[in-house]
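For reference, the structure discussed in these notes is given below.
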Amino acid sequence: MTIKLIAIGKTDNKQLLQLMTDYQKRLGFYIKFSIEIIPDIKNAKNLSEDLQKQKEGELILKKITNTDVLILLDENGKQFNSVDFSNYLQKHMNSGIKQLVFVIGGPYGFSDEIYKTAKGKISLSKMTFSHQMIRLFFIEQLYRGFTILRNEPYHHR
């Protein structure tokens with residue numbers, strides 16, 4: 001299985017990029033992982049929220065295949081502790097799917113079409129974080145999940 005993270009908009013903060021790169025390298029010891037960035041929608045300020053979500057949704061759908069399992073990082077999704085999230089990852093690996101795709105949407109969330117396509121929703125917190133920070137938090141949790149599955153000392157119980 002491979003894991004892909006799709007996110008809307010680039011990350012400008014060099015420190016965040018450096019930390020994300022560090023965790024991506026660490027993840028490489030456990031699983032094939034990639035990040036795909038969809039550029040911000042041009043003239044988004046002139047679009048309604050619904051139209052912006054629709055345009056972002058179309059771009060997201062172009063990045064997935066019909067065999068991918070799409071999971072949305074969404075404020076209304078299921079919350080896990082780190083151990084439960086590692087079990088969630090293991091369950092997907094055991095299911096025989098080829099690619100698990102997580103998506104961080106734009107500032108207004110996801111289009112109806114994306115919600116219909118998704119196989120699940122996960123919330124990392126009840127708090128709101130910037131889309132740039134969520135990328136780092138999510139990649140770190142993926143890494144933590146794999147260290148838990150291998151009984152490695154990164155996560156303290």
Side-chain angles (χ1 to χ4, degrees), residues 1-47 49 52-64 68-90 92-93 99-111 114-115 118 120-157:
M1 183 178 85
T2 63
I3 296 178
K4 177 164 64 170
L5 174 64
I6 298 174
I8 304 286
K10 65 181 179 173
T11 301
D12 296 331
N13 186 305
K14 288 183 172 134
Q15 287 111 346
L16 282 177
L17 285 169
Q18 187 174 13
L19 287 167
M20 287 168 47
T21 300
D22 179 47
Y23 281 106
Q24 273 184 269
K25 286 179 187 174
R26 293 181 190 195
L27 263 176
F29 292 108
Y30 304 101
I31 197 158
K32 185 177 179 198
F33 173 76
S34 64
I35 299 177
E36 231 175 295
I37 303 300
I38 295 174
D40 287 314
I41 302 293
K42 290 183 184 345
N43 299 319
K45 291 176 184 163
N46 298 328
L47 301 175
E49 289 179 16
Q52 187 172 340
K53 289 190 298 187
Q54 179 188 337
K55 287 184 175 293
E56 290 169 347
E58 291 167 2
L59 294 171
I60 291 167
L61 290 173
K62 288 180 183 177
K63 301 286 184 185
I64 62 172
D68 290 343
V69 173
L70 184 66
I71 306 295
L72 307 179
L73 297 179
D74 183 274
E75 64 186 5
N76 297 312
K78 180 175 174 147
Q79 292 189 349
F80 294 99
N81 64 36
S82 295
V83 172
D84 291 338
F85 181 62
S86 70
N87 292 329
Y88 178 84
L89 292 171
Q90 185 68 63
H92 282 293
M93 287 188 293
Q99 183 161 255
L100 184 58
V101 179
F102 294 93
V103 182
I104 300 169
Y108 303 114
F110 299 102
S111 66
I114 294 296
Y115 280 117
K121 297 185 295 187
I122 293 177
S123 171
L124 296 183
S125 174
K126 290 183 181 186
M127 291 186 222
T128 302
F129 299 105
S130 74
H131 285 72
Q132 295 184 15
M133 295 291 286
I134 286 297
R135 295 170 197 190
L136 173 61
F137 296 158
F138 180 72
I139 297 167
E140 190 277 339
Q141 282 300 299
L142 276 178
Y143 173 71
R144 181 178 297 274
F146 282 101
T147 63
I148 290 168
L149 292 174
R150 296 258 180 106
N151 292 315
E152 293 176 356
Y154 182 77
H155 179 76
H156 302 284
R157 297 179 197 218

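In this text, all values refer to a predicted model and were calculated from it rather than measured experimentally.
Under the salt bridge (charged side-chain N to carboxylate O under 4.0 Å, His left out) criterion, Asp84 pairs with no residue, sequence neighbours left out. With sequence neighbours excluded, the residues forming a salt bridge (charged side-chain N to carboxylate O under 4.0 Å, His left out) with Glu36 are Lys4, Lys63, listed by chain and number.
Annotation: the span from Ile38 atom CD1 to Lys55 atom NZ amounts to 13.5 Å, rounded to 0.5 Å. Note that the OG1 atom of Thr21 and the CZ atom of Arg26 stand 12.0 Å from one another [nearest 0.5 Å]. For the atom pair CG of Leu142 and OH of Tyr23, the computed distance is 12.0 Å after rounding to the nearest 0.5 Å. Remark: Gln132 CD to Asp12 CG distance equals 5.5 Å, nearest 0.5 Å. Remark: His155 NE2 to Thr147 OG1 distance equals 8.0 Å, nearest 0.5 Å.
Using a 4.5 Å heavy-atom threshold, the side chains of Leu27 and Ile3 count as separate. When side chains are defined from C-beta on, Leu89 counts as touching Leu100, because their heavy atoms get closer than 4.5 Å. A 4.5 Å side-chain heavy-atom check between Val69 and Ile71 finds at least one atom pair inside the cut-off. Residues Phe146 and Glu152 are not in side-chain contact: their nearest non-hydrogen atoms beyond the backbone lie 4.5 Å or more apart. A 4.5 Å side-chain heavy-atom check between Phe129 and Leu124 finds every atom pair outside the cut-off.
In this structure, Ser111 and Gly57 approach most closely via the heavy-atom pair OG-CA, 3.8 Å. Taking both residues in full, the closest heavy atoms of Ile31 and Met93 are given as CD1-SD, 4.3 Å, listed atom of the first, atom of the second, then distance. Residues Val103 and Ile60 approach most closely at CG1-CD1, 3.7 Å, considering heavy atoms. Across Gly109 and Glu56, no two heavy atoms sit closer than the pair O-OE1, 4.0 Å. Shortest non-hydrogen contact noted between Ser123 and Gly77 is CB-O, 3.4 Å. Nearest heavy atom pair, residue Phe110 against residue Leu73, reads CE1-O, 3.6 Å.
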Exercise. Thr2 and Gln99: side chain to side chain donor-acceptor pair (under 3.5 Å), yes or no, with the steps?
Worked result: CA-CA 5 Å; Thr2 63; Gln99 183 161 255; 3.1 Å; yes

For this session: Would you please test Ile6 and Ile64 for side chain to side chain contact (heavy atoms under 4.5 Å, CB included) and show each step?
Result: CA-CA 9 Å; Ile6 298 174; Ile64 62 172; 3.9 Å; yes

Determine all donor-acceptor pairs shorter than 3.5 Å in which one atom belongs to a side chain in residues 133-141; sequence neighbours excluded.
from, atom 1, to, atom 2, distance (Å)
Arg135, NE, His131, O, 3.4
Arg135, NH1, Gly9, O, 2.7
Arg135, NH1, Thr11, OG1, 2.8
Arg135, NH2, Ile8, O, 2.7
Arg135, NH2, Gly9, O, 2.4
Glu140, OE2, Arg144, NE, 3.1
Glu140, OE2, Arg144, NH2, 2.8
Glu140, OE2, Tyr154, OH, 2.7
Gln141, OE1, Ser82, OG, 2.8

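Ring geometry, Tyr88 versus His92: the interplanar angle exceeds 60°, so the pair is classed perpendicular (tilted spans 30 to 60°).
At least one donor-acceptor pair under 3.5 Å links the side chain of Asn81 to the backbone N or O of Val83.
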